[in-house]
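Working notes for the structure below.
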There are 2 protein chains.
Amino acid sequence: MNGLPNLTETIQAIGDPTRLELLTVMIDNRYYTVTELSKRTHVSLSTTSYHLKKLSNMEWIDTYRQGKNVYYGLINNYIADIIELLMTISAPKKVNSYNQKIEYLEIKRARTCYSHLAGELGVGLLDYMIENRYLERKNHDVSVTENGKFFFRGIGIENAELLNSKLCMDWSERRFHLAGELGLKICAAFLRQGWIVNSTKNRSVILSMVSPEWLKALYKS
Amino acid sequence: MNGLPNLTETIQAIGDPTRLELLTVMIDNRYYTVTELSKRTHVSLSTTSYHLKKLSNMEWIDTYRQGKNVYYGLINNYIADIIELLMTISAPKKVNSYNQKIEYLEIKRARTCYSHLAGELGVGLLDYMIENRYLERKNHDVSVTENGKFFFRGIGIENAELLNSKLCMDWSERRFHLAGELGLKICAAFLRQGWIVNSTKNRSVILSMVSPEWLKALYKS
DNA sequence: TCTATACTTTGAGCGTCATCAAAGTATTTC
DNA sequence: GAAATACTTTGATGACGCTCAAAGTATAGA
């Protein structure tokens, strides 16, 4: 093959459902044991080990033994970027069961995406903050306004204007939500204050009763 | 991962060498006949036709008949973007992931682990020291930099570069914190200066008001 | 209508690869 | 030192999908 040497190898390495699942689990940059990963992917321990070795050979993941446990974690952040990009270009799967549809709706409504808020809540929040002039947007850059400083301090984020912030394409909404350091801090602040709670089932988040009215309004709509 | 865009299908659609070749031929946005494409890919006419149908089903390529000939061409130019992106990752450059800034959502207490700092504060501290080039990391070994000598002297640790230091997997964070003699001395130094205080209830530690700003920042975030 | 050309579909062959159970290795605990 | 735990490697199995030849379909031209 001409100018594209191991491209196929690369693609096929991501192109297996189990391996993709492994990568998306590890996308939070934490380390996981093989047993944990095996449970998440619903394949046997040996199969999990087999896939982890493949990913290791690609030099995408790092491994570390501590006692009886072997921990695996992502080496490079670009894996996350790739998956996110691929999500934006791949058409949503047809949902064929009620439960699947419910789950899809949950995830579509609000979820975390590499530790920032995504889904309807995520894009709604960005809109809200721009409408209220907490943020100012120029093309793909976002900056905190004078107004915004007070707003962010109010929700527990100091010196928001110093944090970098960028936009991230939301695969379900096909619109932008806030990413970068600021997006991350916001998500963390919401969690810390108990306004949102991570779902145990999937990457969706649930708005709690103690969240402020303006946030509830975004969730309802 | 039900209800989510099915990446696997997307990825596997690009992940075949022949299809990738087809896509890269068509990347100039021109239309080609099946015979032409068959010659370019060096597979039989029937195989070419088979792949073109697959790409059609993905709605990536367009087809129209003109007399005896059938012409195929790209619909979307994002295919070019994808291929380009994938090429950048197929030759992976080794990146020291620990130089990359990583933030975490969970609010966990700082604690001691065999007399060195663990928990969010512990892993945050390690990240901080690597980011500021006080420490240098190679795989699972850590060494004190020239920069670091001054830093450690500043917080009351002489000849830090002579102390051995190793990484310890943090149970709550699933990332590394600093252990070994250096980790021990750091913890002792922090206690001596009153920056951290041991809880009387359990192994957790509390950051005091007299601790420096950079340390407080690690605790807050 | 007959023939040549262009392409598609079908069916068989074949290799690759994901998967699991079982055996093997490493490490801790008792 | 023995048993338990955590993981890896091996070997067998089976499925999926790429491939081609051959048969089928569509169109053009005589």
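Below, read A as the first sequence line, B as the second, and so on, with proteins coming before strands; counting in each chain starts at 1. Computed from a predicted structure; not experimentally measured.
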For nucleotides 20-23 of chain C, print each protein N/O atom paired with a nucleotide N/O atom at under 3.5 Å, atom names and distance only.
| from | atom 1 | to | atom 2 | distance (Å) |
| --- | --- | --- | --- | --- |
| dC20(C) | OP2 | Ser44(A) | N | 2.8 |
| dC20(C) | OP2 | Ser44(A) | OG | 3.1 |
| dC20(C) | OP2 | Thr47(A) | OG1 | 2.8 |
| dA21(C) | N6 | Ser46(A) | OG | 3.1 |

State, with a plain yes or no, whether a side-chain heavy atom of His177(B) is found less than 4.5 Å away from one of Leu117(B).
no

d([atom1], [X]; [atom2], [N]) in whole Å:
| X | N | atom1 | atom2 | result |
| --- | --- | --- | --- | --- |
| Gln12(B) | dC17(C) | CD | P | 12 Å |
| Leu37(B) | dT8(C) | CG | C1' | 15 Å |
| Lys54(B) | dC16(D) | NZ | P | 12 Å |
| Leu52(A) | dT8(D) | CG | C1' | 11 Å |
| Tyr64(A) | dT27(C) | OH | C1' | 14 Å |
| Tyr31(A) | dA6(D) | OH | C1' | 19 Å |

side-chain hydrogen bond (donor to acceptor under 3.5 Å, both in side chains) involving [X] - partner list, sequence neighbours excluded:
| X | answer |
| --- | --- |
| Ser44(B) | Ser46(B), Thr47(B) |
| Ser38(A) | none |
| Asp62(B) | Tyr31(B) |

Rounded to the nearest 0.5 Å, what separates atom OG1 in Thr8(B) from atom CD in Glu21(A)?
9.5 Å

Would one find a side-chain N or O of Tyr72(B) under 4.0 angstrom from OP1 or OP2 of dA6(C)?
no

Verify the contact: side-chain N or O of His51(A) to OP1 or OP2 of dC17(C), cut-off strictly under 4.0 Å; return yes or no.
no

Produce a footprint string for nucleotides 25-30 of chain D: one letter per nucleotide, 5' end first; B if the base is under 4.0 Å from any protein heavy atom, S if only the sugar-phosphate is, - if neither.
--BS--

Can you list everything that forms a ring-ring contact (aromatic ring centres under 6.0 Å, His included) with [X]? Sequence neighbours excluded, please.
| X | answer |
| --- | --- |
| Tyr71(B) | Tyr64(B) |
| Phe152(B) | none |
| Phe151(B) | Tyr134(B), Trp214(B) |

Starting the side chain at C-beta, find the nucleotide from dT8(D), dT8(C), dT9(C) nearest to Lys53(B).
dT9(C)

Closest listed nucleotide, where the reference is the side chain of Asp16(B) and the choices are dT8(C), dT19(D), dT8(D):
dT19(D)

Counting any heavy atom closer than 4.0 Å, what does Tyr71(B) reach on the DNA or RNA strands: base, sugar-phosphate only, or nothing?
nothing

Got a sec, which pairs hit salt bridge (charged side-chain N to carboxylate O under 4.0 Å, His left out) with one end in residues 142-164 of chain B, sequence neighbours left out?
Glu146(B)-Lys149(B), Arg153(B)-Glu158(B)

